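Working notes, structure below.
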2 protein chains.
Amino acid sequence: MSRHVSCNDCSLSPICLPLAVAPAQLNELDNIIHRGRPLRRGEHLYRAADTFTAVFAVRSGALKTYVISDEGEEQVTGFYLPGEIVGMDGISTAHHISNAKALETATVCEIPFHRLEELSQKIPSLQHHFFSLMSEEIRADRELHRLLSKKSADDRVASLLLSLSARNQRRGLSATVFRLPMSRYDIANYLGLAVETVSRIFTRFQQQHMLKVNGREVEICDRPALCGQGRLQEEA
Amino acid sequence: MSRHVSCNDCSLSPICLPLAVAPAQLNELDNIIHRGRPLRRGEHLYRAADTFTAVFAVRSGALKTYVISDEGEEQVTGFYLPGEIVGMDGISTAHHISNAKALETATVCEIPFHRLEELSQKIPSLQHHFFSLMSEEIRADRELHRLLSKKSADDRVASLLLSLSARNQRRGLSATVFRLPMSRYDIANYLGLAVETVSRIFTRFQQQHMLKVNGREVEICDRPALCGQGRLQEEA
DNA sequence: CGCCACATTGAAACACTTCAAAGTCGGTGG
DNA sequence: CCACCGACTTTGAAGTGTTTCAATGTGGCG
C-alpha cells in the first residue's frame with residue numbers, strides 16, 4: 001500500500017471526511033493531508049500534552065485512545081477503526097488530552113487542523129460534515145454512558161461486539177466474522193470490568209451458542225440473542 | 001429579567017458563544033438568537049426525534065438531558081447550567097437523540113443551527129469556538145467515562161459535586177455553597193448508582209465532615225478530602 | 001391536614017472483583 | 001526443530017461494594 005494514495009482512490013472515502021466534499025474540491029482537501037509512515041503495534045500516534053495540531057483519519061489497522069489518571073491507572077477511552085477520525089478531543093485545549101496508540105500495524109492520514117478550519121470556511125459542506133462528525137462522537141459517548149450506567153457486564157460486552165460488528169459492516173466487511181484488534185485487557189478496561197469477567201462472559205456466550213470465540217477471532221452466531229443482551233450500535 | 005436581553009448585556013457572555021465574537025460582529029450573532037418564554041419545571045425544551053433545528057444556550061435555571069432505552073428506562077445523560085450549550089448531539093442525525101427537560105424554571109437562548117453555520121462561515125473565530133465547545137463536550141464525556149469505569153460510588157458522587165462547584169464558580173458564584181438543581185434520583189441515574197447508594201454517601205460524607213447537606217442545599221467543607229475521593233472537574 | 005413525591009435507613013441478596021493458579025499462544029534461541 | 005519464556009487468557013474460590021427489597025421519615029402544597 002503506497003504512502004500516497006489520494007482521497008480519490010481511497011476505499012474509505014465514502015465513510016471518511018471526503019464524503020462531504022464535491023469532487024471538484026477534493027484535491028484541496030487532498031493537498032492538506034499528510035500520509036505518514038505506518039505505525040507499528042504499540043507505537044503512539046500522539047501522547048497527552050502533545051500540542052494539538054491535527055486530527056487523524058485511520059486508514060488501516062486500529063488504534064486505542066487512553067488517559068492515565070493521577071493515580072497512574074490507564075483508562076481506555078476509545079477504539080478507532082479504518083475510516084474513523086481520532087484526535088478531536090484536543091481542539092478545545094490546544095494540546096491532546098489523551099494518548100493514541102496503535103493496537104496493530106496502522107496507517108493514518110494526518111489532517112492539520114488549522115488548514116481544515118481554513119478549508120471549512122470555504123466549503124460549507126465540509127464544515128457541516130465536521131460538526132456532524134463531532135456530534136456523532138458525542139452521541140456515541142452518550143450511548144456508552146448509558147451502557148456503563150446500566151450495569152450488567154453481559155450487556156456491555158454484547159454491545160461492544162455489536163458495535164464492532166456494525167463498524168466492520170460499514171467498511172464493507174463481514175458483520176458476523178471478524179478479528180478483535182484489542183486484547184481482553186483493553187476490552188475490560190474500556191467497559192469498566194475486570195479482565196476475568198470479560199473472559200468468563202466470552203466463554204458463557206459461547207456455551208449459549210451466541211458466539212464462537214477463538215482468541216481474537218469472533219463469530220456472531222445468534223445476533224438477536226446478543227442484541228437482547230444489550231443495545232448499542234456505534235462509536236464514531 | 002426581560003426576554004430581550006442582548007448578548008451585549010448578558011452576564012453570561014464571557015462563558016457563552018459571544019466569547020468568540022468581536023464586538024463589531026456581536027450584533028450579527030445577536031440577531032439570529034431567539035429568546036423564548038421561560039420553561040417551567042418539568043417542561044421539555046425538545047424531545048428525542050424532534051427535528052434538530054437549533055442549539056440552546058442556558059440563560060438561567062437548569063436542564064437535564066436524558067434518553068429512554070428500548071426497555072423504557074430513563075438514562076440521564078447530562079446536566080446543563082447557565083452559560084452552557086445544550087442540544088449539540090443532534091447535529092449528525094438531523095433530529096434530536098435525547099430529551100431536554102427543565103429541572104427548575106429556566107430560560108434559554110435558541111440559536112438556529114443553520115444560521116450559526118452560515119455565520120461561522122464568515123467569522124472564523126466563531127467556527128473555532130464552536131468546534132472547541134464540541135471538543136470540550138467530548139473531553140467531558142471521556143472524563144465521565146473514566147469515572148464510571150473506575151467504579152467507586154464515593155468517587156462518582158464526589159466528582160459530580162466538584163464539577164457542579166467548578167461550574168458554579170465559573171459563573172462567579174460560590175464554589176462552596178450551592179443548591180443542587182437535580183433530585184437524588186437524577187444524580188443516581190446519571191452516575192449509574194441506586195438512589196439509596198447516593199443517599200447513603202451523602203450522609204456518610206456529612207459524618208466525615210466533608211460536606212454539609214440539607215436537602216438540595218450543599219456546602220463543601222473539606223474540599224481536599226472530596227478531591228482525594230475522586231477527580232473530575234467538568235462537563236461542558 | 002393529609003397526601004404524594006422525594007429522601008433516608010436497615011438488612012439480605014447478588015454481581016462483579018480480587019486473589020490465586022493453571023493453561024494457551026506466539027516468538028526466540030539453543 | 002523443539003524447548004522455553006513471557007504475555008495473555010482462562011478458570012476456580014472467596015470477598016466485597018452496591019443493589020434490591022422493605023419500611024420509615026420528611027417536606028411542600030392543594
Side-chain angles (χ1 to χ4, degrees), chain A residues 40-42 62 64 71 73-76 101-105 147-161 179-208 211-218 229-230, chain B residues 40-42 62 64 71 73-76 101-105 147-161 179-208 211-218 229-230:
Chain A
R40 277 192 301 270
R41 183 168 189 278
K64 72 169 177 182
E71 303 87 50
E73 276 180 57
E74 175 173 335
Q75 170 66 53
V76 176
K101 190 180 189 174
L103 290 168
E104 54 195 28
T105 305
L147 196 65
L148 295 180
S149 274
K150 197 172 138 304
K151 333 107 309 277
S152 148
D154 288 22
D155 287 358
R156 301 188 201 180
V157 174
S159 291
L160 179 61
L161 288 170
R179 181 180 166 76
L180 302 172
M182 72 294 278
S183 69
R184 299 286 190 273
Y185 171 84
D186 286 331
I187 294 175
N189 186 300
Y190 177 70
L191 295 176
L193 300 171
V195 194
E196 294 92 327
T197 306
V198 172
S199 185
R200 277 184 254 268
I201 289 172
F202 272 43
T203 31
R204 185 150 37 76
F205 278 180
Q206 190 158 215
Q207 284 162 0
Q208 296 167 183
L211 222 60
K212 287 204 186 91
V213 191
N214 188 345
R216 295 191 174 186
E217 300 295 335
V218 172
Q229 207 51 242
Chain B
R40 279 191 300 271
R41 182 168 190 279
K64 73 170 177 181
E71 302 88 50
E73 277 179 56
E74 174 173 336
Q75 170 66 54
V76 175
K101 189 180 191 177
L103 291 168
E104 55 194 29
T105 305
L147 196 64
L148 295 180
S149 274
K150 196 175 139 303
K151 336 109 304 274
S152 148
D154 288 23
D155 287 359
R156 300 188 202 182
V157 174
S159 290
L160 178 60
L161 289 170
R179 181 181 167 77
L180 302 172
M182 73 294 277
S183 70
R184 299 285 190 274
Y185 171 84
D186 287 331
I187 294 175
N189 187 298
Y190 177 70
L191 295 176
L193 300 170
V195 194
E196 294 93 327
T197 307
V198 172
S199 186
R200 277 185 254 270
I201 290 172
F202 272 44
T203 32
R204 184 149 36 76
F205 278 180
Q206 191 158 215
Q207 285 162 359
Q208 297 166 182
L211 222 59
K212 286 204 187 92
V213 191
N214 187 345
R216 294 189 175 187
E217 300 295 335
V218 172
Q229 207 54 241

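All values derive from a computational prediction rather than experimental measurement. By convention in this document, chain letters (A, B, ...) are assigned in the order of the sequence lines, proteins followed by strands, and residues within each chain are numbered from 1.
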Taking atom C1' of C:dA7 as reference, at what distance in whole Å does atom CZ of B:Arg204 sit? 17 Å
Atom CD of A:Glu73 and atom P of C:dT17: how far apart are they, to the nearest Å? 13 Å
Expressed as a whole number of angstroms, how long is the span from A:Ile187:CD1 to D:dT10:C1'? 14 Å
Polar pairs (N or O, both sides) under 3.5 Å between protein and nucleotides 9-14 of chain C?
{"from": "C:dT9", "atom 1": "OP2", "to": "B:Thr203", "atom 2": "OG1", "distance (Å)": "3.2"}
{"from": "C:dG10", "atom 1": "N7", "to": "B:Arg200", "atom 2": "NH1", "distance (Å)": "2.8"}
{"from": "C:dG10", "atom 1": "O6", "to": "B:Arg200", "atom 2": "NH2", "distance (Å)": "3.4"}

Could you tell me how far apart B:Tyr185 (OH) and D:dT19 (P) are, to the nearest whole angstrom? 13 Å
Give the rounded distance in Å between these two atoms: CZ of A:Arg216 and C1' of D:dT9. 11 Å
For A:Glu74, check side chain to side chain donor-acceptor pair (under 3.5 Å) against everything at least two apart and list the hits. A:Lys64
Report which part of the nucleic acid B:Phe202 touches: base, sugar-phosphate, or nothing (heavy-atom distance under 4.0 Å, all strands). nothing
Sequence neighbours left out, what passes salt bridge (charged side-chain N to carboxylate O under 4.0 Å, His left out) with B:Glu196? Give chain and number order. none
When the distance from CG of B:Asn189 to C1' of C:dC6 is rounded to whole Å, what number comes out? 15 Å
Those residues at least two apart in sequence (or on a different chain) that pass side chain to side chain donor-acceptor pair (under 3.5 Å) with B:Arg204 are B:Asp154
Side chain to side chain donor-acceptor pair (under 3.5 Å) filter on A:Arg179, not counting sequence neighbours, yields A:Glu217
Can you name the residues that form a side chain to side chain contact (heavy atoms under 4.5 Å, CB included) with A:Ser199, not counting sequence neighbours? none
Once side chain to side chain contact (heavy atoms under 4.5 Å, CB included) is applied, do any residues pair with B:Ala62, and if so which ones, sequence neighbours excluded? B:Leu81, B:Leu103, B:Glu104, B:Pro181
Could you check whether atom CZ of A:Arg41 has more than 12 heavy atoms from other residues, nucleotides or ligands sitting under 6.0 Å from it? no
Pull out every protein N or O sitting under 3.5 Å from an N or O of nucleotides 22-27 of chain C, one pair per line with the distance.
none

Would you kindly give the NZ-to-P distance between A:Lys150 and D:dT19, to the nearest whole Å? 14 Å
All heavy atoms of A:Leu191 vs all of B:Ser149, minimum pair found to be C-OG, 4.2 Å
State, to 0.1 Å, how close B:Leu180 and B:Phe202 come at their nearest heavy-atom pair, and which atoms those are. CD1-CE2, 3.8 Å
Roughly, in whole Å, what's the span from CD in B:Glu104 to C1' in D:dG28? 16 Å
